[in-house]
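Reading through the C-alpha cells given below for one structure.
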Amino acid sequence: MHSLKEIQLLCNKQFKLSFSGGELSSDGGLLMIKEFISALGIEKIIRNTFKTTDTALFREHKDHENLLQMIYQIFGTYYEDNCADEIRKDPVMSAILGKEALASQPTISRFFNRMDDATLRQFDTMMRELRKTVYSINMPEYVLFDIDSTLLPTYGSQEGEGFNYHYQAHGYHPKVCFDGLTGDLLRATLYDGTDYCSKDSADFMEPLIYEYKKNYPSIKQFARADSGFAAPELYDLFEDNEVKYAIRLKINKTLTAMGQDKADALMTVVKRNAVDYAVTYGEFMYKAGSWRSERRVVFKIEKPANQFTFMYTFIVTNMEMEPYQVISYYCNRGRMENFIGECKDGFDFASVSSKSKVVNANRLQLHTLVYNIFNLFRRLALPGQMSKHLIDTVRLKLLKIATKVVHSGRYIKFNLCSSCPYKDEVFQIFKNIWQLKVQLE
C-alpha cells in the first residue's frame, strides 16, 4: 500500500519512505567555509569590488550575491548554471546566503553574460586583496613562481578555441602560475587554443612580479618553467627584477656540442659498465642570437639503466648553486601537475561553456578564486592530519554532512548528522578559524 506522501517497500514490509523529514541538506559542512570566508573578509572584498555592467535599477539577486552563490555552488560540486535550479530551496545554502531562495539558472547565466574585461580586472583586484589578507597572518620568506600551461577542452565554435598541436586536441590554452611552496594559484589567464606557451609570457608574469616587488619587498622571488617558456623577454624580466630563475632549454646542436667534453667523459665510464645508470653534470656560458647577453647554462647528461642512449637536460639560470642543485630544483616542479589536476578534477576548470571568450575568461577566474579559498582553508584551518587532503576527500569527510535546519524566533539551528565520524575535526576547524589573527581594513 502506498499514497502520494508515503510508500511501503516490497523488500521489507517494515520499511516506509516519505519526504517528511523537514528542512534537510547534504551540505552542512559548508558552514565551515562560510565561517572561513567571513573570517578572511572575503565577503567584504567581493561586495566592495565586484560589479558587472548591469544597468537595471533593481535586482533581487545582486552581482556580489550571485558571485558568492557560485563560490558555494562550486564548493558543493554544483558546477553548472543549471544546478542553481536544483538547490534553490536548499536550507543550508539559503541560510548561508541569507535568502529564502537562491538565484535561478537563468539569473546565473545572465549574470555571467554581463561579465567583461572590467570584471576580469576586478577578479585580479580581489586576488591581490586576498593575498594581502593572508600575508597579514603569516608573511612568507620566499615565493616560487611555477609557470606552466594546460588545455581546457571546448566544444563547438567558441570564440578563441583552436587546435593545440601539443595536446592534439581542441580547446583553450591558459597560462597558470602557482606558488610552488604553497600550491596557491597566483595567476591564471585564458589564451587561444592555438597560442604557444611563450607568447606574451613576460606580459603574463609582469603584474605578479611588480605586485610582490612593491607590496612585499621582503619576500625573495624565485621562478622556474619548462622549455615552452624559454623566451628572452622572460629572462630579461626576471633579471631586471632580481628574480632567481631556472628555465629549461630545448636541445639543439650548439648546446650538445658545448657539453661534448662531459659526454665524452661519460662515454668512457659507460664503456666499462654499459648496464647501470650513469650521470654527469656541467655548465657553460652561452648566448643565443636573440639574447641580450651571455647567460649561465647548467646541464645534465644521463644514461638510463639498460639503455645505450644519452639523455640531455639544459637549464638557463641566474642562480649560483651547483649544477646538480639547479637541476634538482628545476625537476621539483613536477608538483605542478598535481596542482593543475586538482584544479581540473576538483574545481572543474573546464567550465568554459560560453560562446564568448571574455565570459569564459571570467569563469576561469571564478574557479581560480574558489581553488585559492580552498587551498587557504586547507592550509590555515584544517587539522594537521587533514592538511594534505584533496578537495574530493574534504568534501566527502567534512562538507557533505547531512544537516537538519530548525528555525526559531531568535536562531537558526543546524543539527548535523549524529553519526558523523569527523565531529572532533569539525569543532577543531572552527577553533582554528577563530584563532586566525587577520588584519582586516
Side-chain angles (χ1 to χ4, degrees), residues 144-149 165-166 175 177 180 196-205 209 220-337:
L144 174 52
F145 299 130
D146 265 337
I147 313 165
D148 208 342
S149 65
Y165 284 91
H166 176 76
K175 292 182 179 64
C177 177
Y196 190 65
C197 303
S198 61
K199 180 182 178 182
D200 300 330
S201 56
D203 293 337
F204 171 70
M205 288 301 301
I209 291 173
K220 299 175 183 177
Q221 300 180 39
F222 293 81
R224 58 191 177 190
D226 64 18
S227 60
F229 291 88
E233 59 271 19
L234 192 57
Y235 312 151
D236 296 343
L237 176 68
F238 289 153
E239 291 165 1
D240 292 343
N241 292 279
E242 300 180 338
V243 179
K244 299 296 184 179
Y245 68 88
I247 299 178
R248 188 167 184 167
L249 296 174
K250 293 184 184 298
I251 299 174
N252 59 49
K253 292 181 179 180
T254 303
L255 294 176
T256 53
M258 296 183 74
Q260 189 60 47
D261 57 336
K262 290 290 185 179
D264 293 340
L266 185 62
M267 180 62 73
T268 302
V269 174
V270 169
K271 285 180 179 180
R272 294 194 297 267
N273 183 351
V275 176
D276 294 340
Y277 174 83
V279 63
T280 187
Y281 298 88
E283 64 177 283
F284 51 79
M285 297 302 293
Y286 172 70
K287 182 182 182 302
S290 58
W291 296 5
R292 67 183 182 185
S293 61
E294 277 192 332
R295 292 185 168 97
R296 183 189 185 207
V297 174
V298 302
F299 64 91
K300 176 176 73 171
I301 307 174
E302 56 187 326
K303 185 200 79 67
N306 301 313
Q307 293 187 27
F308 298 100
T309 57
F310 288 173
M311 296 174 59
Y312 292 79
T313 301
F314 294 97
I315 306 290
V316 59
T317 184
N318 62 348
M319 304 176 76
E320 298 175 354
M321 298 186 296
E322 293 295 321
Y324 77 91
Q325 293 174 316
V326 176
I327 298 290
S328 178
Y329 163 81
Y330 168 80
C331 290
N332 283 333
R333 67 178 297 277
R335 294 183 64 199
M336 280 281 290
E337 297 303 323

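In this text, all values refer to a predicted model and were calculated from it rather than measured experimentally. Keep in mind that the numbers below use all heavy atoms, side chains included, and drop hydrogens, waters and symmetry copies.
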(request) Only counting residues at least two apart or in another chain, list the ones meeting side chain to side chain contact (heavy atoms under 4.5 Å, CB included) with A225. (result) I147, F229, I247

(request) With the side chain counted from C-beta on, respond yes when E337 and D148 share a heavy-atom pair under 4.5 Å apart, and no when they do not. (result) yes

(message) Do Y235 and N318 make a side-chain contact, defined as non-hydrogen atoms from C-beta onward lying under 4.5 Å apart?
(response) no

(message) Would you compute the distance between atom OG1 of T309 and atom CD of E302 and round it to the nearest 0.5 angstrom?
(response) 10.0 Å

(message) List the residues meeting ring-ring contact (aromatic ring centres under 6.0 Å, His included) with Y329, not counting sequence neighbours, and say none if there are none.
(response) none

(request) Kindly say whether G228 contributes a backbone atom to a donor-acceptor pair with the side chain of K250 at under 3.5 angstrom? (result) no

(request) Could you tell me whether the side chain of I315 reaches within less than 4.5 Å of the side chain of L249, counting heavy atoms only? (result) no

(request) To the nearest 0.5 angstrom, please state how far the CG atom of D203 sits from the CG atom of L234. (result) 10.5 Å

(request) Check for a donor-acceptor pair, side chain of N252 on one end and backbone N or O of T254 on the other, with a separation under 3.5 Å. (result) yes

(message) Distance check, rounded to the nearest 0.5 Å: I301 atom CD1 versus K262 atom NZ?
(response) 9.0 Å

(request) Answer whether the closest heavy-atom distance between the side chains of F308 and V270 falls below 4.5 Å. (result) no

(message) Counting the benzene-type ring for Trp, do F145 and Y245 have ring centres under 6.0 Å apart?
(response) no

(request) Taking all heavy atoms of P304 and all of Y277, pick out the closest pair and write down the distance. (result) CA-CD1, 3.9 Å

(message) Within this structure, what is the NZ-CZ distance for the pair K300 and F310, rounded to the nearest 0.5 Å?
(response) 14.0 Å

(message) Within the structure provided, determine whether T317 and Y330 are in side-chain contact (heavy-atom separation under 4.5 Å).
(response) no

(request) Only pairs at least two apart or in different chains count here, so list each salt bridge (Lys or Arg N to Asp or Glu O under 4.0 Å) that has a residue in residues 224-245. (result) D146-R224, D236-R292, D236-R295, E239-R292, E239-R295, D240-R292

(request) Test side-chain contact (heavy atoms from CB on, under 4.5 Å) on M205 and L237 and set out the steps. (result) CA-CA 9 Å; M205 288 301 301; L237 176 68; 4.0 Å; yes

(message) Applying side chain to side chain donor-acceptor pair (under 3.5 Å) as the test, list every pair that has at least one member in residues 278-287; sequence neighbours left out.
(response) E283-R296

(request) Assess whether atom CE of M321 is packed by more than 12 heavy atoms of other residues, nucleotides or ligands within 6.0 Å. (result) yes

(message) Using the ring-ring contact (aromatic ring centres under 6.0 Å, His included) criterion, which residues pair with Y165? Sequence neighbours excluded.
(response) F163

(message) Just verifying a value: how many Å separate S149 OG and Y196 OH, rounded to the nearest 0.5 Å?
(response) 8.5 Å

(request) Locate the shortest heavy-atom distance separating A223 from L144; write the atom from each residue and the value. (result) N-CD1, 4.0 Å

(request) Find the distance between OG1 (T256) and CZ (F299) and round it off to the nearest 0.5 Å. (result) 10.5 Å

(message) Treating K175 as the side-chain partner and K199 as the backbone partner, does any N or O pair qualify as donor plus acceptor under 3.5 Å?
(response) yes

(request) Check ring-ring contact (aromatic ring centres under 6.0 Å, His included) between Y324 and all other residues, then give those that pass, not counting sequence neighbours. (result) none

